[in-house]
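Step one of this worksheet: look at the structure below.
Naming convention: chains lettered A, B, ... in sequence-line order (proteins, then strands); numbering from 1 in each chain.
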2 protein chains.
Amino acid sequence: MHVHVNAATSADGKLSSRRREQVRISGVDDFARVDEIRAASDAVLVGVGTVLADDPHLTLDDSSLVSARESRGEEPHPARVVADSRARTPTDARILDDVATTYVLVSEDAPEDRCTALEDAGAVVVVAGEGRVSFPEAFGVLESRGVERVMVEGGGEVIFSLFDDALVDELTLYVGSMIIGGRDAPTLADGDGFVEDFPRLSLQSVERVDDGVLLWYRF
Amino acid sequence: MHVHVNAATSADGKLSSRRREQVRISGVDDFARVDEIRAASDAVLVGVGTVLADDPHLTLDDSSLVSARESRGEEPHPARVVADSRARTPTDARILDDVATTYVLVSEDAPEDRCTALEDAGAVVVVAGEGRVSFPEAFGVLESRGVERVMVEGGGEVIFSLFDDALVDELTLYVGSMIIGGRDAPTLADGDGFVEDFPRLSLQSVERVDDGVLLWYRF
Ligand SMILES: NC(=O)c1ccc[n+]([C@@H]2O[C@H](COP(=O)([O-])OP(=O)(O)OC[C@H]3O[C@@H](n4cnc5c(N)ncnc54)[C@H](OP(=O)(O)O)[C@@H]3O)[C@@H](O)[C@H]2O)c1
Ligand SMILES: NC(=O)c1ccc[n+]([C@@H]2O[C@H](COP(=O)([O-])OP(=O)(O)OC[C@H]3O[C@@H](n4cnc5c(N)ncnc54)[C@H](OP(=O)(O)O)[C@@H]3O)[C@@H](O)[C@H]2O)c1
C-alpha cells in the first residue's frame, strides 16, 4: 500500500485549536492541490476523531477531476476509510452517503449492533486488530479490494500510528502563517510520541503556496 | 523592545519529546545561525521550564562573535533572562555563572528566601506581575537597563504568552525533517492556545538549511 499523508498545520504544528473545531489554515491554491491528491488516490483515510469533529465529506470538489477519473474507468470518487475501533461513526455521518464506497475499519471489540447499523447505513465494515484497529492488517484487506494508494487526511492520532507502524511513504505538509497554540490542541502527530529513534524524513521540495509553505517529504 | 523568537521543531511542531529531554533537531549550519542571532541581541530569554529541562548556558559558542561584540564596546555575551514566577531556578544552574549578566524575572508571589538565594548566586532579580511574570512590565524594566533586543529561545509556554501579549516582532523557525509525535510533547506554542483571532504572521523567507527548512516570519 502506498500511503500519502497530507495535512495543514499552523506554524506551531497544530491541526486545529483546543476546541477541535475546523480552522481554515490554508487557502484556495492548497485546497486545489489537496483535491488533486485525492483524485489520484484509491481511498482517503481519516480517524473517527476527525469524523466526529469535522463531519467531512472527503469527495472531490472539482468536477473535472471526477470526469478524468471516470474516463480512466475509475469510480468517480476515491473510497472513504474511517479508522474506528469501536464503530462510533454516526450513521448520519456525511462520509456514509452513497456518493462513494465507505470502509469502516473496526477492531474485534467493536459492538456487533454498531457494526450492523453501519452496514445498514451503507458502509463496508472491515474487522482488523484487537482493541484498536491494526493498520497493517486493515491495509492488507483494502489491498485485496483493489485499494493500492491511500491518502491520509488526519487527524494526529491516526497519523502518529501510521508513523509508528512505519507505513508512511510520503508526507505533504502545508504550514500556514499563523499561530494556534495550546498544549491540548491536536498536532500533526499525537499519540504516545517517540522518545528515541525518531523517524527521519527526506525533504524533497519546498514551495510557497497561498501565504504559507508546502513541504514535501519522502521516507 | 524588539522580540525575536527562534526555535527548532520537528515537522510535527514539537520542541522535544514527551520526556522533555533535549532532542537534536537541527545541524551545524543552524547552530551557527542561532549563535549569530544571539550575538546580535542584548539578551536571550527562556522560561524556567527550559532551565529545569536542559540547563542551557545561553552564551556564544563562536569566539569571533565574542570579539566582534567586544570591539563594538558591548559585553562579550548577551545577558541571560529567565521567566520564573516562583524563583525556582536552581542556584547551580549554568545560566547563573559569571560569564554574563543574568536577570531572573519573578512575580510578586515568589518566596523571598528564593529571591535572596538567586541574588546571592549572582542574579539580578526583577519583580514583575502577580502570580505569573508579566512580560510587558518586565520588558519595561529590562529596557530601562539598556536591553532593547531580546531573543527568545523557548520553551512553548513562554512563546505562547509572548504571542498572547502581542509582543513578538519576528519568528525564525527551523523545521527539522523528523517526527517526534506525542500529545504531551512540548510544541512551539503551548499555553491555553487561541480559539479565534489567531495571530497571523507574514512569511518573509524560506531557506533550506541542514536537512530541514528555515522559515522567517514578521508581524
Ligand atoms: N488541518 C488538517 O489538515 C486536519 C485534518 C484532519 C483533522 N484535523 C483536526 O484534527 C482533529 C482530530 O484529530 P484526532 O487526532 O483527535 O483524531 P483522529 O486521528 O482523526 O482520530 C483518532 C481516533 O481514531 C481511532 N483509531 C482507530 N484505530 C487507530 C489507530 N490504530 N491509531 C490511532 N487511532 C486510531 C481512535 O479512536 P478509537 O479508539 O475509538 O478507534 C482515535 O481516538 C480535529 O480537531 C480536526 O479538526 C485537521
Ligand atoms: N527545540 C528548541 O528550540 C527548544 C528551545 C527551548 C526549549 N525546548 C524544550 O522545551 C521544553 C520546555 O518548554 P516548556 O514550555 O515546558 O517551558 P518554558 O516555556 O521554558 O517555561 C515555562 C515556564 O515559564 C514560567 N513562566 C513565567 N512567566 C511566564 C509567563 N508569563 N508565561 C508562560 N510561562 C511563564 C512558568 O513557570 P512558573 O509559573 O513557575 O513561572 C512556565 O511553567 C523542554 O523540553 C526543552 O527541551 C526546545
Side-chain angles (χ1 to χ4, degrees), chain A residues 5 7 9-19 21 23-25 156-157 159-164 168 171 173 175-196 198-208 210-215 217-219, chain B residues 5 7 9-19 21 23-25 156-157 159-164 168 171 173 175-196 198-208 210-215 217-219:
Chain A
V5 174
T9 66
S10 54
D12 58 311
K14 307 298 188 305
L15 294 175
S16 82
S17 78
R18 65 157 197 266
R19 286 196 187 147
E21 292 160 351
V23 174
R24 193 184 160 102
I25 293 171
E157 293 291 331
I159 293 173
F160 174 76
S161 285
L162 293 169
F163 277 111
D164 202 20
V168 181
L171 166 66
L173 176 63
V175 181
S177 300
M178 65 193 293
I179 299 292
I180 293 180
R183 59 182 93 76
D184 296 327
T187 75
L188 176 65
D190 287 328
D192 291 338
F194 300 102
V195 292
E196 56 192 8
F198 303 101
R200 291 253 161 210
L201 329 179
S202 163
L203 183 57
Q204 303 293 310
S205 72
V206 175
E207 194 189 334
R208 291 178 74 144
D210 295 322
D211 61 357
V213 62
L214 177 68
L215 307 176
Y217 301 96
R218 272 215 179 117
F219 288 77
Chain B
V5 174
T9 66
S10 54
D12 58 311
K14 308 297 188 307
L15 294 174
S16 82
S17 78
R18 65 157 197 266
R19 285 196 188 149
E21 293 161 350
V23 175
R24 193 186 160 102
I25 294 172
E157 293 291 330
I159 292 173
F160 174 75
S161 285
L162 293 169
F163 277 110
D164 203 20
V168 180
L171 166 66
L173 177 63
V175 181
S177 300
M178 64 193 293
I179 299 292
I180 292 180
R183 61 181 92 77
D184 296 326
T187 76
L188 176 65
D190 288 327
D192 291 338
F194 300 102
V195 291
E196 55 192 7
F198 303 100
R200 291 253 161 209
L201 329 179
S202 164
L203 184 57
Q204 303 293 309
S205 72
V206 175
E207 195 188 333
R208 290 178 75 143
D210 295 323
D211 60 358
V213 63
L214 177 68
L215 306 177
Y217 301 95
R218 273 215 179 116
F219 290 76

query = So which part of A:Leu173 gets closer than 4.5 Å to some heavy atom of chain B, the side chain, the backbone, both or neither?
reply = side chain
inquiry  = Report which part of B:Phe160 has an atom under 4.5 Å of a heavy atom belonging to chain A: side chain, backbone, both, or neither.
reply    = side chain
query = Is there a donor in the side chain of B:Thr187 and an acceptor in the side chain of B:Asp190, or the other way round, less than 3.5 Å apart?
reply = yes
ask   = Measuring heavy-atom distances to chain B, does A:Ser205 have an atom under 4.5 Å in its side chain, in its backbone, in both, or in neither?
value = backbone
inquiry  = Counting only non-hydrogen atoms closer than 4.5 Å, does A:Ile159 touch chain B with its backbone (N, CA, C, O), its side chain (CB onward), both, or neither?
reply    = neither
remark   = Correct closest heavy-atom pair for A:Phe194 and B:Ile179 would be CD1-O, 3.8 Å
ask   = What residue in B:Ala189, B:Gly13, B:Ala185, B:Gly176 has the most heavy-atom pairs under 4.5 Å with chain A?
value = B:Ala189
note = B:Leu201 and B:Phe163 have their tightest heavy-atom pair at CD2-CE2, 4.1 Å
Heavy-atom pair of closest approach, residues A:Thr9 and A:Leu15 = CG2-CD2, 4.0 Å
key: Contact winner vs chain B - A:Val213, A:Leu215, A:Ile180, heavy-atom pairs under 4.5 Å   = A:Ile180
inquiry  = Quick one: does any side-chain atom of A:Ser177 pair with a main-chain N or O of A:Asp211 as donor and acceptor, under 3.5 Å?
reply    = yes
query = Taking B:Gly191, B:Ser16, B:Ser17, B:Gly193 one by one, which has the highest count of heavy-atom pairs under 4.5 Å against chain A?
reply = B:Gly191
task = Could you look at A:Ala11 and say if it's the side chain, the backbone, both or neither that has a heavy atom under 4.5 Å from chain B?
result = both
query = Who among B:Glu21, B:Glu196, B:Lys14 has the most heavy-atom pairs with chain A under 4.5 Å?
reply = B:Lys14
ask   = Side chains of B:Arg183 and A:Asp192: does their closest heavy-atom pair fall under 4.5 Å?
value = yes
key: Contacting region of A:Arg218 [heavy-atom separation from chain B under 4.5 Å]   = neither
request  = Return the minimal non-hydrogen interatomic distance between B:Leu188 and B:Ala7, and the atom names on each side.
outcome  = CD1-CB, 3.7 Å
note = Most heavy-atom pairs under 4.5 Å with chain B, out of A:Pro186, A:Gly182, A:Gly156, belong to A:Gly182
ask   = Among A:Val168, A:Leu171, A:Val5, which residue meets the side-chain contact (heavy atoms from CB on, under 4.5 Å) test with A:Tyr217?
value = A:Leu171
message = Using a 4.5 angstrom heavy-atom cutoff, name the option from B:Val206, B:Val175, B:Asp184 with the most pairs to chain A.
response = B:Val206
